[in-house]
Amino acid sequence: MKTVIILTALFPLTSLPALAQPPKPGAEEFVPQGLVAYDTNYLLGEGRDFIVFKIRNDGTRTISHLFGWVYRYNESPQGATDFLLMNNPHQSAFLIKGGPHRSGKVAQWRFSLNSIIPPNANERFILRVSPKSVFFAHHEPAPAPPEDR
């Protein structure tokens, strides 16, 4: 009986609204994929021939090359449909901002797209990265200079 009373008294504490806040608009929402995590907000090139993802290095070493699969899909009330591979997964992405890509840092990687497909209002892009497709630098770069305060 005491257990029921204690659990009943503790239940309202577990559902405090402060513990379940929605993400802030424009906030980065990273999808973990083992050694890396990517931001769900991406930048599609003006000519739709490349896509840029913000990627966080969750490994312990500096990333030198990154290979991944970029898929396009249509979002509908029934769920995600029509998945289509949009890049050559055997071609490395290009580090365009935030390099060298050290552990715990976020950098922007550009993936070339194979075909130019007309825009669709419901289209979304996702990135899949295998731990075997993340390559690390043979030598760690010199430490970053301390920031002036």
SB check E29 K54 (cutoff 4.0 Å):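 No salt bridge links E29 with K54.
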Which donor-acceptor pairs under 3.5 Å do the side chains of residues 129-142 make with protein atoms, sequence neighbours left out?
| unit_1 | atom_1 | unit_2 | atom_2 | d |
| --- | --- | --- | --- | --- |
| S130 | OG | K132 | N | 3.2 |
| S133 | OG | F67 | O | 2.9 |
| S133 | OG | S130 | N | 3.2 |
| S133 | OG | S130 | O | 2.8 |
| E140 | OE1 | T62 | OG1 | 2.6 |
| E140 | OE2 | T62 | N | 3.2 |

Spell out, yes or no, whether [X] and [Y] are grouped together once hydrophobic residues are joined by side-chain heavy atoms under 4.5 Å, including indirect joins.
X	Y	result
I63	V31	yes
Y71	L66	yes
V36	I96	no
I51	L84	yes
L95	L35	yes

Please answer whether the main-chain N or O of [Y] pairs with a side-chain N or O of [X] as donor and acceptor at a distance below 3.5 Å.
X	Y	result
N87	G68	yes
S103	G59	yes
D49	L113	no

Point-to-point distance, once rounded to the nearest 0.5 Å, from [atom1] of [X] to [atom2] of [Y]:
X	Y	atom1	atom2	answer
T40	F53	OG1	CZ	9.5 Å
Q108	H101	CD	NE2	10.5 Å
K105	D58	NZ	CG	13.0 Å
Y42	I55	OH	CD1	14.5 Å
L127	W109	CG	CH2	11.5 Å
N88	S112	CG	OG	9.0 Å

Search all heavy atoms of [X] against all heavy atoms of [Y] and return the closest pair with its distance.
X	Y	result
A37	P32	CB-CA, 3.8 Å
I126	F83	CD1-CE2, 3.9 Å
F50	L44	O-CD1, 3.6 Å
G104	R56	O-CG, 4.3 Å

What residues form a salt bridge (Lys or Arg N to Asp or Glu O under 4.0 Å) with R110, not counting sequence neighbours?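 R110: no salt bridge (Lys or Arg N to Asp or Glu O under 4.0 Å) contacts found.
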Are the side chains of R128 and Y38 in touch, meaning some heavy atoms are under 4.5 Å apart?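 In short, these two side chains touch, coming nearer than 4.5 Å.
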Is the NZ or CZ atom of R124 both under 6.0 Å from the centre of the six-membered ring of Y73 and within 45° of that ring's axis?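 Relative to the ring axis of Y73, which defines the angle, R124 lies outside at least one limit.
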Carefully, step by step, assess D82 and N74 under the rule side chain to side chain donor-acceptor pair (under 3.5 Å). CA-CA 6 Å; D82 302 329; N74 292 321; 3.2 Å; yes
